[in-house]
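The first residue in the sequence is number 1, and the count goes up from there. Note that this is a predicted model, so its numbers are computed, not measured.
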Amino acid sequence: MITRIPDETAEFSYRVKVGHVSANPVQVHVEADERERVGLASLWEVEAVNRLAADLQIARWKKDGVRIKGHVSGEIVQACVVTLEPVVSTIEQDIDQIFVPEGSKLARIVLDGAGEMVLDPDGPDLPEPFVGDTVDAGALIAEFAALGIDPYPKKPGVQFSGHIENEVEEEKKPSPFAVLKDWKKDQ
């Protein structure tokens with residue numbers, strides 16, 4: 001059984017006691033309340049978070065680790081980068097993260113023979129270490145949701161107008177030494 005441990009100091013928290021996680025995946029639905037949505041809007045610097053929810057599978061991974069898989073969905077309100085009018089955007093992100101205790105051999109970074117770090121960009125993410133006996137699934141949800149936020153939201157059909165690119169030659173400033181090029185001739 002997985003129990004929620006409240007954390008009033010975090011924007012969005014759903015702490016899971018690692019000792020309560022079994023090898024059989026447990027289905028969990030997590031949804032942000034009003035206080036949490038206001039905190040997330042401030043954290044993400046958006047006008048509002050209308051909804052943030054996640055459906056997760058939480059299970060034991062190897063001996064001491066925890067694997068959290070699932071899907072995050074949400075709806076936020078941002079200012080249009082062109083008109084500054086509110087734009088409603090949706091967030092859809094998949095989660096697949098493994099947590100291991102701090103100091104675990106499973107979280108070590110793989111090095112090749114020359115001491116270089118070996119990373120596979122298409123491979124799985126490295127396990128995240130956790131301290132103590134809890135993992136914060138809420139912080140994980142907020143992190144993955146933030147990855148789905150459009151950094152340049154634009155109202156449909158709106159375009160930048162009246163913007164004219166300068167010619168490269170116009171942007172080039174004269175060299176401070178240009179006045180010295182004729183100096184020797186004058187002497």
request  = Please list, chain by chain and in numerical order, all residues satisfying salt bridge (charged side-chain N to carboxylate O under 4.0 Å, His left out) with D96, sequence neighbours excluded.
outcome  = R67
message = Run F99 and L140 through side chain to side chain contact (heavy atoms under 4.5 Å, CB included) and show every step you take.
response = CA-CA 11 Å; F99 293 90; L140 179 68; 3.9 Å; yes
Tabulate below the donor-acceptor pairs under 3.5 Å that side-chain atoms of residues 81-88 make, not counting sequence neighbours, or state none.
| from | atom 1 | to | atom 2 | distance (Å) |
| --- | --- | --- | --- | --- |
| T83 | OG1 | E85 | N | 3.2 |
| E85 | OE1 | K155 | NZ | 2.5 |

query = Partners of E34 by salt bridge (charged side-chain N to carboxylate O under 4.0 Å, His left out), sequence neighbours excluded?
reply = R37
task = Can you tell me which residue pairs pass the side chain to side chain donor-acceptor pair (under 3.5 Å) test with a partner in residues 68-81, sequence neighbours excluded?
result = N50-E75, R51-S73, H71-E92, H71-D94, Q78-S89
request  = State, yes or no, whether a side-chain contact exists between R60 and V18 at a heavy-atom distance under 4.5 Å.
outcome  = yes
message = So W61 and V100, do their side chains get closer than 4.5 Å, heavy atoms only?
response = yes
inquiry  = Hydrophobic cluster membership, with links at side-chain heavy-atom distances under 4.5 Å among I/L/V/M/F/W/Y: are V49 and L43 in one?
reply    = yes
key: Joint hydrophobic cluster, I149 plus V77, side-chain heavy atoms closer than 4.5 Å   = no
Pairing residues for D133 by the side chain to side chain donor-acceptor pair (under 3.5 Å) criterion, not counting sequence neighbours = K17
message = Let's go through V28 and Y14 carefully: what are the C-alpha distance in whole Å and the side-chain angles of both, what is the deciding distance for side chain to side chain contact (heavy atoms under 4.5 Å, CB included) to 0.1 Å, and is it a yes or a no?
response = CA-CA 11 Å; V28 177; Y14 187 93; 3.2 Å; yes
key: Check: I141 and I95 side chains under 4.5 Å, non-hydrogen atoms   = yes
request  = Kindly determine whether Q27 and Q57 satisfy side chain to side chain contact (heavy atoms under 4.5 Å, CB included), including the steps that lead there.
outcome  = CA-CA 5 Å; Q27 302 291 333; Q57 270 188 344; 3.1 Å; yes
task = Measure across Q93 and F144 and return the closest heavy-atom pair with its distance rounded to 0.1 Å.
result = CG-O, 3.2 Å
message = Testing the basics here: between F130 and T134, what is the closest heavy-atom pair and its distance to 0.1 Å?
response = CD1-O, 3.7 Å
request  = Would you name the heavy atoms of A48 and A41 that are closest together and state the gap between them?
outcome  = CA-CB, 4.0 Å
key: Contacts of A145 that satisfy side chain to side chain contact (heavy atoms under 4.5 Å, CB included) - sequence neighbours left out   = W44, L52, V72, I91
ask   = Taking a hydrophobic cluster as the set of Ile, Leu, Val, Met, Phe, Trp and Tyr residues connected by side-chain heavy atoms closer than 4.5 Å, whether directly or through intermediates, do L147 and I76 fall within one such cluster?
value = yes
message = Let me confirm one number: the CD-CG distance from Q97 to L56, rounded to the nearest 0.5 Å.
response = 12.0 Å
query = Does atom CD of E45 have more than 12 heavy-atom neighbours, drawn from other residues, nucleotides or ligands, at distances under 6.0 Å?
reply = no
remark   = Between P25 and A59 the two heavy atoms that sit nearest each other are CA-CB, 3.7 Å
Exercise: identify the closest heavy-atom pair between H29 and A53 = CE1-CB, 4.0 Å
